[in-house]
Each structure stands twice: as structure tokens, then as C-alpha cells.
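Each chain gets a letter, A, B and so on, in the order its sequence line appears, and its residues count up from 1.
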Amino acid sequence: MTDSAKPTLLVVDGHSLAYRAFYALPVDNFSTKDGQHTNGIYGFLAMLINLIKAEKPTHLAVAFDTSRQSFRTREYAEYKANRSETPSEFKGQIPILQDCLAAMSITVLQKEDFEADDILATLATQAAAEHYDVLVCSGDRDTIQLVNDDITLLYPNVQGVSQLKRYDRQAVIDRYGVPPEQYPDVAALVGETSDNLPGVPKVGEKTAVKWLNQFGSLDELLDNADKVTGVVGGNLRAHLDDVRRNRTLNRLLTDVELPVTVAELEVKPMDAQAVRDIFARLEFKTLIPRVAELAGIEQQMAAVTSAAAVPMPAAAELAASELLAWLEAVEGEVGVTVLTEGGQPTRLGVATLEAAAEATWTPELAETLGSWLASDAPKIFSDAKAQVKALRRVGLRVEGLAFDTIVAGWLLRPSFPDKNLADLVDRYLDEKLPEADPTQLVPETEGATPGQLSWFTMRVTEALRGELPESVARVLTDIELPTLLTLADMELAGVAVSHGTLSTFSAELGERADAIAQQAFQAIGREVNLGSPKQLQEVLFDELQLPKTRKTKTGYSTDAAVLADLQESNPHPFLDLLLQHREATKLRQIIESLDTAIGADGRIRTTYVQTGSQTGRLSSTDPNLQNIPVRTDESRRIRSAFEVGEDYETLLTADYSQIEMRIMAHLSEDPGLIEAFNSGEDLHRFVGARVFAVDPADVTPAMRTKVKAMSYGLVYGLSAFGLSKQLRIEQSEAKQLMMEYFARFGAVRDYLRSSVEQARIDGYTETIFGRRRPFPDLASPNRVLRENAERAALNAPIQGSAADIMKIALFRIHEEFMSRDLRSRVLMQIHDELVVEVAPGEWEVAEQIVQDRMGDAADLSVPLDVQIGRGPNWNEAGH
DNA sequence: GATTATACGTA
DNA sequence: CGTACGTATAATCA
């Protein structure tokens, strides 16, 4: 490519290429855990590294614009004036990118009043004069004019920065039909919309090139404009000044005074430590080795990257008594790993940061280690819950849980939780956890043993602790870890569910669904799959000619809300039958999935996913017990199948009433809302009385419905549009309602606004207890993304604080049941509700404990109201 | 067989 | 154009 005898200068337009990378790379994949966006930085550096590797420049510089202002804007105020505001999340990446370049010892140039391209032009011209080979890398077309026999342009493809096209003199002629020095003439005629430089109307590249070839030069063309025929000729004559102005502005300066000479741009050795530090901070794991290779400093980099890469210790295989002695000799924390098969322990490994030991699981081992496991001796797990459960199945309890790497990792980045220890080792240690290749019968690579896994757990813990803000660390130890141990017991307990009740109901619903389907087929004269949205669209919109509804990706929606609307505007028996069919089959689905989940002992055991939400809530899977129907009388029959277990007396349900609105009252300190909760009056009646300026006694059901929807909607960032849709009222009325509401409860609005504002500043939201959730999208240039983030950010502290409070109440109840030797036990958590199985004779004490611990879980400026119910099954207890 | 889209259950 | 979840089915992809 380049003459190896000659030095090669590579000059790069940092701004334009980073900007392309910014739009080419998905921001979600390129954000650090504290919310810093890095897609532009990453994309630019990846490209630059490839470029250096391929071109091996001897001299190198990157130029940046200083601002939107330059001598060009002074000459022509409208220059680039049409460009939308540079997204702030991109702007923020530029200084960091410059820091990266500095660490890599790459010269960064920028100069007030000049654009990056002028700097490129100056350097390129000087270097060419000094017989360098020059490579100019820019995304700005104006740099085409620089190309000559010594200067080659590397120009990114439209897709982004992954492909650079090489323009030498011939390539420019082939592509544009004019030599490089004439390209600015073409550009001047055509104009540049992105720079707000209008050209001659109706003149594109083709016409411009034709004219230039015809007249020989732009000056000749402009002097002889009257010889150009047709409409475009007229246009040309009307826009001569525009063309001249364009030509002036698109000429790059080649005499910008710079603080360096070309010779001084010689490639220098990198500061390995600085590169490692900044790349680590930006979480650019994969770039570190690439840079190192490039700079020929693998060894230096390896030395620093693996400064902590202590060789993995071999785990000593010990007998039970030896293992106990080993553990008792440890002063501080111990990493613990329990391997399981079928929910039973098979191996156990322990480790400190220095050494590891392990043993195969035997009854003797259980006997020997039981009291150590149940002691306060601090233990650290990765994903403790399943292991704690396995130990409980063989009769052992775990106490002294001091850390869980998976839970800690989730608290740090709830949006992208790392699923296992290997992920954490990769992210926080930048090493690979040795894993056996599961596809090979006799794996070539050995996986880490349980002792070694514990050792990695300890090292990951050390790294995570360095990253956990204090408030988040408190959430871990004060809320999550006690909750984890409680959830293990709840999952093991399960809940008794009556197969008979479910199967009777299921059969009934099956028959009904079939009958409804037959009627529905009659109504439209043919059979379709009622479960297929696609087929339904044909029926509704083609055959029945019903008006088109809300658009979806693949057509038009047929969801329940849409069908109900259609039924109102265009009544048709098929619509109602379809809705009924949906309802019956949906219930049946839920019942069937529950039924198959009933275990041999008649109980269903769910798994609570502690790291499954972004707000701090739990989720429940396999089966999900947090979405059991409740809204209709009929669906509640499912809940009646959830029964008190054998040897127990009754079920107890306890739920927080309006906990989110209470948190809102507390956080906003709105005097009206606080008074509402302290008054003992029904919340919506109280609010309704204020909003509609009537006596509480005179609040009509319609008023109550409206303020209730408004109150609940607030927590989700509801708009007037959404409120009007839900209440089926005019948008103007919804707007009016919101105005009245905020006139009386203004502090609520102030709080919501300021909390989003604070999140924009901090990059994250925080619950009352210090749980954080990052929101990088609050700075997004994309309005949809940004507004979604705003609503989520508004909701997160409220939903998250409620989750915190419930978790605190939950584990305190569990702990008190245990410490008081009660048999009663918590079975389920449904966000703001607990279901407890009460042992005979324990009702009074259990009720008191639940009431008290839920009531005093948090000290808010309003009371926490707890509703308790009792019954032989969930349905009756829930009333 | 795995993935995507739609729909719908809960707080 | 209302937050947070999990799951079932049909349609579509490889």
C-alpha cells in the first residue's frame, strides 16, 4: 500500500467518526454500570486500533472541533445552523475519548475558531510537502478535496465506522466523475443540507459534474451561466451567490497555525498503566488486549491487567474432620460452594483468598459441618438460595450469610444482571472462569472445582465491594441477604393446592370454551383458530369489515380493549363470543399450568427470582404465583384451590393498603396527602372531596373512580392522554382533572418533577433505603427512549421503596416466627401481600407478629396500613 | 427447535 | 402516549 521507505502520517477527524460510532452502536450494550455511555468512544477506538494495525502509520494525530462556532459561522451565520442540538450523552463522551487518546500517547489537536477538517488539511498538506504518505480519515465529504498522489482519504461507509472506503485520486474520479480538487465545485453546486448550505435547486451530482466537464471549471461555468439552458440554467443564474458562498465555505484551510510540527507526531509508546486504568473504568475489556498487541506491550499490559491474577490454588481434598479443622482455622470470611444434583448436595468447596479445600458430600460431612454452617461464621456464596435450599433438604441450616456475589452484581446493575459466577469473573476480574466443555464426553479443559469456585467467589466479592456504594452495600446486608434466607424457606414450604378443585374447574371451562367456539364459528360462518391473532384479523377486518384498530407490528390489534371498543361502535355477536372464549381459555391455561405444578405432596413450589427485576421487586417463576387471577368472581375460584395444608389451622393473608401512594405522600411531603392518610378517611374519597371541592360524604362513585385512576396513574407517569383513555373521557376533561388534582396536591407534582431531574443529574434513582437504579436513557436524544426512561425513573423510587419495605417486613416476620419457635410460616409474597400458613393455636400470636412487623417495617410520615384476612383457602382469607 | 409477536394474568 | 413482572400460543426463522 504505502511506500515502506516513506513515513506515513495518519490524521483522523475524531468528532465526525466518534459521532458515527455513536449512532452505529446500540447504547444499551455500551454503558458502564454507573451509567456512562461509551458507544462513541468504543466505536472510535475500535476503528482506530484496526486502522493503526492495518496501516502502521509512523506519525499520528486526532483532531477535534472545539465547538459549533468557527470562522465559517462568522462568515455565514446559517452555517450548520439547521443541525439539531448535539445529544448531551454524546458530548460527554468526547472529553473521555480525548483522555483515552492521551493515555495512548496519541496527539489530540483542536483549535478555537477552526474545524477539525482544517487541522487535517493543514497537517496533510504539510506532510505531503515533506514527502510523507498521508492518510486522512474523516466522515466529512469536504475532505475529498485533499486527495492527491500523496494523500489518501479513508471515508466511512454509510452504515457506520466498521468499513472504511479508500479514496485515492483515481477512486475519487471513478466515484464522483471529477478529480478531487474539483469536488468542492461539485459540492458547491449541489449544496450540503447537513451544513445548511443550499445549492442550485434541481442540481445534483450528475448535473454538476456534467457542467464542470462542459465548462472546464467552476469559474468558467459561473461566468457563462447565461449559456446554460432550461429550468436548471435559470436556477443556476438565480443562485450564483449561493454557489460562490458554498465554494468559499467548503474550502479547507491549509495554513492553520498549529502547536506541533508533523515530525512531532511520531508514534510514541503508550502509558500502559494509564490505558489499563481508563479502559477498565470504561469497562472495555476486549479492547485492552487489542491495544496491548498494537503497541507491542502485551507483556507490560498483561503484567498490569493480571496484577491480581493470582494463580488459581489447587483445592485440597479433605476428610470431614479435616475440613472442619480447616474452617475453624480461618479467621475471616469463607467462600462456600455447594454443588448439587437433583436438589441434593454432592460436593462442597470452601476457600479464602489464599487457599481452597473441598470434600464430597456424605452424611458424615453433614454431621461434622452442620454447626459451622449454622454458626455466625461469615460465609460468602455465589447465588446462595439454591445451595441453601439443598442444605436444608438434608437438614442443615445456613446462618452468617455475609455476601452473595450474584445479588450484589444485580444491585450494581439491575438492568443487566450477571447470571452466574463466570459472568462476574469475566466482568469484575477480567479473567475466564475455567469451565469444562459440556459438549465433550471427556472434556479437554478441566472446570473449576467447588473449592476453586469458592476462591473465585471470594475474589469477585473483593472486587464487588470496591464498587458498591455504601448505601447499596447496606441494602445488600440489611435487606437482600436476610430476604434470601427467608425465600429459601418459603420455596421449600410450598403451598397446598387442591388438584380436585382445579380439575373440576378446568373441565367446566373446557366445555364452556368449546361451546362458545361453536357459537362463534356460527356467527361468522366458518371455523378459525380463535387463538390466532392473524386469523382473527382476517375475520374482523376483511370478512366482517370492522373498522381497523390500533396498529401493531404485524397488522391490527385484536386485544381485549380493542374488541370491547369495537363491540360498542360496531356490535357483532362474534366479538362478545371471542372475548368470552379468551377469558375461558386463559383461565384454563392458568389452571392447567398450576395443576401440573402440584407436587407429590400436594404442594406447589415456586421459585422467587430475587434478581429478576429492575426495581427491587421479587418475581416468581415456574409457576408464577404472583399473577393468579383475582379480578372476577369466577377467576377467584382458582384462589380457592390454594388451601391451608395438613396439620395447619388456617391461611392468613396480609396486605399493605395503598402502599405506593403512602410512599408518595412520604417522599413528596405533600401536606394534603399526608393528612388524607392520617385522617383515617378512605383515600379516594378524601382526595375526591378536595379535587371536586365537595364534602367527603358527597363524593359520588364517578368522582371517586376518577381520582382513584389519577392517583394510581401518577405513580406510573400517566399523561392526560392515558388518563382520558382509561376513564373514557375527553382529553380536555382529563387535563382539567389533572390541573385540579395538582392544584390541591401540588407537592406531589413538584416531587415527581424534581425526582426525575435529580435522576438526570445523578444518572440513577434511589429508594428510601438506598437501592439504586441507573437510567442512562434520561440523556437520550431519542424522545421515545428518553420519555420512557422518565416514566420509569419516576416510578422506580416508589415501586422500589415499596419492595424494600415488604422485604424488610417479610424477613422480620420469618425470623420472629423462628425465634419464637412457631410452626406458622410465610408461604407466598405477592408484592404487597403475604400469605401465611398458621399452625393450630398460633393465630393470635401470628396475626400480631404479621401486623406489627408489616406496620413498623418503615418509619414514614404516614402510617403503614395492613389488612389481615383469615380463611381455609386463599380466596376466603383474602376477603 | 429456537425466536418473535401478541395477548393477558398480577401488583 | 402507564410502571414492574412471567407465561401461553401462533407464527416465523434457521
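In this structure a side-chain-to-backbone donor-acceptor pair under 3.5 Å is missing from A:Lys385 to A:Thr607. In this structure, A:Asp670 contributes its side chain and A:Gly672 its backbone to a donor-acceptor pair below 3.5 Å. Proximity of a side-chain donor or acceptor of A:Gln537 to a complementary backbone N or O of A:Tyr556 within less than 3.5 Å is detected.
Under the side chain to side chain contact (heavy atoms under 4.5 Å, CB included) criterion, A:Glu669 pairs with no residue, sequence neighbours left out. By the side chain to side chain donor-acceptor pair (under 3.5 Å) test, A:Asp655 is found to be paired with no residue, residues two or more places apart in sequence or in another chain being considered. Listed by chain and residue number, A:His499 satisfy the side chain to side chain donor-acceptor pair (under 3.5 Å) test with A:Asp595 (two or more places apart in sequence, or in another chain).
If you check the side chains of A:Gln829 and A:Gln626, you find a donor sitting under 3.5 Å from an acceptor. Side-chain atoms of A:Ser557 and A:Arg550 include a donor-acceptor pair closer than 3.5 Å. Inspection of the A:Gln518 and A:Asp514 side chains reveals no N or O donor paired with an N or O acceptor under 3.5 Å. Between the side chains of A:Gln614 and A:Trp410, no donor-acceptor pair is found at a separation under 3.5 Å. Checked by atom type, the side-chain pair A:Ser506/A:Glu592 shows a donor-acceptor distance below 3.5 Å. Residues A:Glu480 and A:Gln610 bring a donor and an acceptor atom of their side chains to less than 3.5 Å of each other.
Rounded to the nearest 0.5 Å, atoms OG1 (A:Thr765) and CG (A:Leu794) are 10.0 Å apart. Note that CD of A:Glu660 is 6.5 Å distant from CD1 of A:Ile663, once rounded to the nearest 0.5 Å. Atom CG of A:Asp423 is separated from atom CD1 of A:Ile406 by 7.0 Å, given to the nearest 0.5 angstrom. Separation of atoms CZ (A:Phe769) and CD1 (A:Ile479) is listed at 5.5 Å; rounding is to 0.5 Å.
Aromatic pair A:Phe745/A:Tyr741: ring centres closer than 6.0 Å.
For the contact set between residues 704-716 of chain A and DNA chain B, defined by any heavy atom under 4.0 Å, there are no members. Non-hydrogen atoms lying under 4.0 Å from DNA chain C are contributed by nothing in residues 747-756 of chain A. Near-neighbour residues of DNA chain C inside residues 722-734 of chain A, defined by a heavy atom below 4.0 Å, number-ordered: A:Gly722, A:Gln726. Residues from residues 488-517 of chain A lying near DNA chain B, meaning a heavy-atom separation below 4.0 Å, are absent. At a non-hydrogen distance threshold of 4.0 Å, nothing from residues 544-560 of chain A comes into contact with DNA chain C.
In this structure, A:Glu543 places its CD atom where more than 12 heavy-atom neighbours from other residues, nucleotides or ligands lie under 6.0 Å away.
At a threshold of 4.0 angstrom between heavy atoms, the contacts of A:Gln535 are confined to the sugar-phosphate backbone, with no base atom among them.
Between A:Glu740 and A:Lys735 there is no salt bridge, since no side-chain nitrogen of the basic residue lies less than 4.0 Å from a carboxylate oxygen of the acidic one. With respect to A:Asp559 and A:Arg582, no salt bridge is recorded, no charged nitrogen being found less than 4.0 Å from a carboxylate O. In this structure, A:Asp804 pairs ionically with A:Arg771, as a charged nitrogen and a carboxylate oxygen lie closer than 4.0 Å. Between A:Glu876 and A:Arg636, no side-chain nitrogen of the basic residue sits less than 4.0 Å from a carboxylate oxygen of the acidic one, so the salt-bridge criterion is not met. Under a 4.0 Å N-O distance rule, the pair A:Arg760/A:Glu757 qualifies as a salt bridge.
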Could you go over nucleotides 4-7 of chain C and give all protein N or O partners under 3.5 Å, atom names and distances?
residue	atom	partner	partner atom	Å
C:dA4	OP1	A:Arg773	NH1	3.1
C:dA4	OP1	A:Arg773	NH2	2.8
C:dA4	O4'	A:Gln799	OE1	3.2
C:dA4	O4'	A:Gln799	NE2	3.0
C:dC5	OP1	A:Gln614	N	2.7
C:dG6	OP1	A:Ser619	OG	2.8
C:dG6	O4'	A:Asn624	ND2	2.9
C:dT7	OP1	A:Asp622	N	2.7

Polar pairs (N or O, both sides) under 3.5 Å between protein and nucleotides 12-14 of chain C?
none

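The residue from A:Leu625, A:Asn873, A:Val835 that alone fulfils the side chain to side chain contact (heavy atoms under 4.5 Å, CB included) condition with A:Phe642 is A:Leu625.
Bracketed by its first and final contacts, the part of DNA chain B lying under 4.0 Å from non-hydrogen atoms of chain A reaches from B:dA5 to B:dA11 in 5' to 3' order.
Stretches of at least 3 consecutive Watson-Crick or G-U wobble pairs, with each checked distance under 3.5 Å, appear in DNA chain C as B:1-11 with C:3-13.
If you measure from atom CD of A:Glu538 to atom C1' of C:dA11, you get 13 Å, rounded to the nearest angstrom.
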* Go through the steps for A:Lys708 and A:Asp682 under the test salt bridge (Lys or Arg N to Asp or Glu O under 4.0 Å), then give the verdict. => CA-CA 11 Å; A:Lys708 185 176 171 183; A:Asp682 169 84; over 6 Å; no
